[in-house]
There are 2 protein chains.
Amino acid sequence: MTNVKREATVDMVQPRSIPMRDIDHKHIRTLPLFADIASTRFDELVAGAFLQRFPARMELIREGDLPDFLHIVVDGAVELFGTLEDSETALAILKPSATFVLAAVIRDEVYLTSARTLQATRILMIPAAAVRDVFIKDAAFARATVSELAHRYRDLVRDIKGNKLRTGIERLANYLLRLQEERGAKGQFELPIEKRTLASYLGMAPENLSRALVQLGEHGVEVKASKITIIDKARLRRFARPQPLIDAPDA
Amino acid sequence: MTNVKREATVDMVQPRSIPMRDIDHKHIRTLPLFADIASTRFDELVAGAFLQRFPARMELIREGDLPDFLHIVVDGAVELFGTLEDSETALAILKPSATFVLAAVIRDEVYLTSARTLQATRILMIPAAAVRDVFIKDAAFARATVSELAHRYRDLVRDIKGNKLRTGIERLANYLLRLQEERGAKGQFELPIEKRTLASYLGMAPENLSRALVQLGEHGVEVKASKITIIDKARLRRFARPQPLIDAPDA
DNA sequence: CTAACCGATTGACAAACGTCAAGCGCGAAG
DNA sequence: CTTCGCGCTTGACGTTTGTCAATCGGTTAG
């Protein structure tokens, strides 16, 4: 559970910032959160937004701060994590085009999680005040926000169930099965994140993740560095016993 | 983490059901979720709703089912719990006037948790279809739903942080501190739920909750059955090290 | 009043998990 | 090519936690 906090700041690098009005926002427009919003409202959001590029391992937000921006991962990857004294734990790994800190922005209360980039990442940042403003005025946006929050809420419920009802190695086994599905059910794939981050997300020490990966050799998995091969999927499923209400994502 | 599932059905008892139009709904009307809704819309919700009385330990909903009703605890107490094979774990203890399964109702997807009463309890049940219908038509209700979901989402984030970053006894110590605040900072109070349920909520075996309560004797707590006395709050706080971003509820 | 029941408690033991320390291996910098 | 750094791995050990079994104690039914 406890992972020593590691350095995350890159002081030398000045992230490049590009106003959103100058960039292509067709893709953003099609996200579920914005798809049904009125054009004039969307323009309000765009007006103050900008796209920013960050290097790897850069802290984006810190828990306890008040939200300034709604964040959207355009490319790269972001880790949400919580801290307690010198320990931390990953709560989510976000890929394009996930939004984050929506709940804090809407309620205008402090962040409960910190966030850092896991690799070079571009983030679209929309001023929190604009989001709240459009949220009040545009019913379609309010409804989309509900859908997004409900989705995220359900993801967390599944996470809690998995964490409280399974052992570490079971969580790992099911994670690999889910990852394999995401990658088109191929027998071989790469872990998308560093193992220490995965360990933190799965709620285990990095040392135990190593040992668990070795143990899964007995259950149809072969590991070479970050390359995973599922030799015998039926066998792995027998061990992992995946359950739709924990492992299957919402539609 | 693993608690054996126990019997929950009371087949003999037929819950009494009272149409909501016949009852006093002033109190419901003032809940944040309904406060700003248009009167005609509120009447739509009321039309199909009814108040139902359940005995203790009765299963109200089962994970995997599709939602028929939005539930509101009018009095009594309800446990939300998740299951995996023969184990279960409590995700939340709900008191008046909490709503539950809102996310499932809005998304019209299966429940991820089951629910049972912990004592004799009255539940207001609003048909899911009516909720979704009003949600589409009434912007104020949509906004209130966002606020409610965001609130619940943040509660879950705090829970996950506590679960992953603290040991069982630390979670217990902080739970007692929070409970004491709720009860007006009195030195003595009763546990509001059975210890086995508390153990499940705190993610520990009942046996370990017993032992943890004994251990807290060294840290300013005295326990006699379900009566808790905090003899030395400063001492308990030193041990528990509560943290606002985990233990303080949203406004 | 007595017996049966059930949640809580206690003890003994085993499994899961974290911590510490040492060493490995691969990629980057010189 | 060599060295260095860092994430990963491995082993040893201790703590936390779960499990099994027996017992306690308060409540309830007869």
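Just so we're on the same page: letters track the sequence lines, and every chain starts at 1. Nothing here was measured: the structure is a model prediction, and the numbers come from that model. Note: hydrogens, waters and symmetry copies are ignored here, and every other heavy atom, side chains too, is used.
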Rounded to the nearest angstrom, tell me the gap between atom [atom1] in [X] and atom [atom2] in [N].
{"X": "A:Glu190", "N": "C:dC26", "atom1": "CD", "atom2": "C1'", "value": "14 Å"}
{"X": "B:Leu198", "N": "C:dT9", "atom1": "CG", "atom2": "P", "value": "11 Å"}
{"X": "A:Arg171", "N": "C:dA16", "atom1": "CZ", "atom2": "C1'", "value": "10 Å"}
{"X": "A:Met204", "N": "C:dA16", "atom1": "CE", "atom2": "P", "value": "11 Å"}
{"X": "B:Ile169", "N": "D:dT17", "atom1": "CD1", "atom2": "P", "value": "9 Å"}
{"X": "B:Gln119", "N": "C:dG7", "atom1": "CD", "atom2": "C1'", "value": "17 Å"}
{"X": "B:Asn163", "N": "C:dA16", "atom1": "CG", "atom2": "P", "value": "20 Å"}
{"X": "A:Gln215", "N": "D:dG11", "atom1": "CD", "atom2": "P", "value": "13 Å"}

Evaluate the side-chain proximity of B:Pro192 to B:Arg183: yes if any heavy-atom separation is below 4.5 Å, no if none is.
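Sidechains of B:Pro192 and B:Arg183: in contact.
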Listed nucleotide nearest any side-chain atom of B:Thr167, set D:dG11, C:dT10, D:dT17:
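Looking only at heavy atoms from C-beta outward on B:Thr167, the closest nucleotide is D:dT17.
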The side chain of A:Arg211 lies closest to which of these nucleotides: C:dT19, D:dA21, D:dG18?
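It is C:dT19.
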Pairwise distance [atom1]([X]) to [atom2]([Y]) - rounded to 0.5 angstrom:
{"X": "B:Lys95", "Y": "B:Thr121", "atom1": "NZ", "atom2": "OG1", "result": "13.0 Å"}
{"X": "B:Leu202", "Y": "B:Thr167", "atom1": "CG", "atom2": "OG1", "result": "11.0 Å"}
{"X": "A:Leu172", "Y": "A:Glu170", "atom1": "CG", "atom2": "CD", "result": "10.5 Å"}

Distance-only check: which donor-acceptor pairs under 3.5 Å involve side-chain atoms of residues 149-161 of chain B, not counting sequence neighbours?
from     : atom 1 : to       : atom 2 : distance (Å)
B:Arg152 : NH2    : B:Thr99  : O      : 2.4
B:Arg154 : NE     : B:Asp250 : OD1    : 3.2
B:Arg154 : NE     : B:Asp250 : OD2    : 2.8
B:Arg154 : NH1    : A:Val110 : O      : 3.0
B:Arg154 : NH2    : A:Val110 : O      : 2.9
B:Arg154 : NH2    : B:Asp250 : OD1    : 3.3
B:Asp155 : OD1    : B:Arg158 : NH2    : 3.2
B:Arg158 : NH1    : B:Ala248 : O      : 3.3
B:Arg158 : NH1    : B:Asp250 : OD1    : 3.2
B:Arg158 : NH2    : B:Asp250 : OD1    : 3.1
B:Asp159 : OD1    : B:Tyr201 : OH     : 3.3
B:Lys161 : NZ     : A:Glu63  : OE1    : 2.7
B:Lys161 : NZ     : A:Leu112 : O      : 2.6

Between A:His71 and A:Tyr111, how do the two ring planes meet: parallel, tilted or perpendicular, split at 30° and 60°?
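Rings of A:His71 and A:Tyr111: perpendicular, over 60°.
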With each end axis built from five pairs of C1' atoms, what bend angle do you get for the helix from C:dC1-D:dG30 to C:dG30-D:dC1? Round to 10°.
30°
Does D:dT17 have OP1 or OP2 under 4.0 Å away from a side-chain N or O of B:Asn208?
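For D:dT17, neither OP1 nor OP2 has a side-chain N or O of B:Asn208 closer than 4.0 Å.
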A:Phe50/A:Phe69 under ring pair (Phe, Tyr, Trp, His ring centres under 6.0 Å): CA gap, chis, key distance, verdict:
CA-CA 10 Å; A:Phe50 51 91; A:Phe69 299 98; 5.4 Å; yes
Any protein N or O atoms within reach of nucleotides 5-8 of chain D? Criterion: under 3.5 Å, listing atom names and distances.
from  : atom 1 : to       : atom 2 : distance (Å)
D:dG7 : OP1    : A:Arg196 : NH1    : 3.4
D:dG7 : OP1    : A:Arg196 : NH2    : 3.3
D:dC8 : OP1    : A:Lys195 : N      : 2.8
D:dC8 : OP2    : A:Arg196 : N      : 3.2

Determine the minimum heavy-atom distance between B:Thr197 and B:Ala90, stating which atoms define it.
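It is O-CB, 4.2 Å.
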Would you say CZ of A:Arg178 has more than 12 non-hydrogen atoms from neighbouring residues, nucleotides or ligands within 6.0 angstrom?
yes
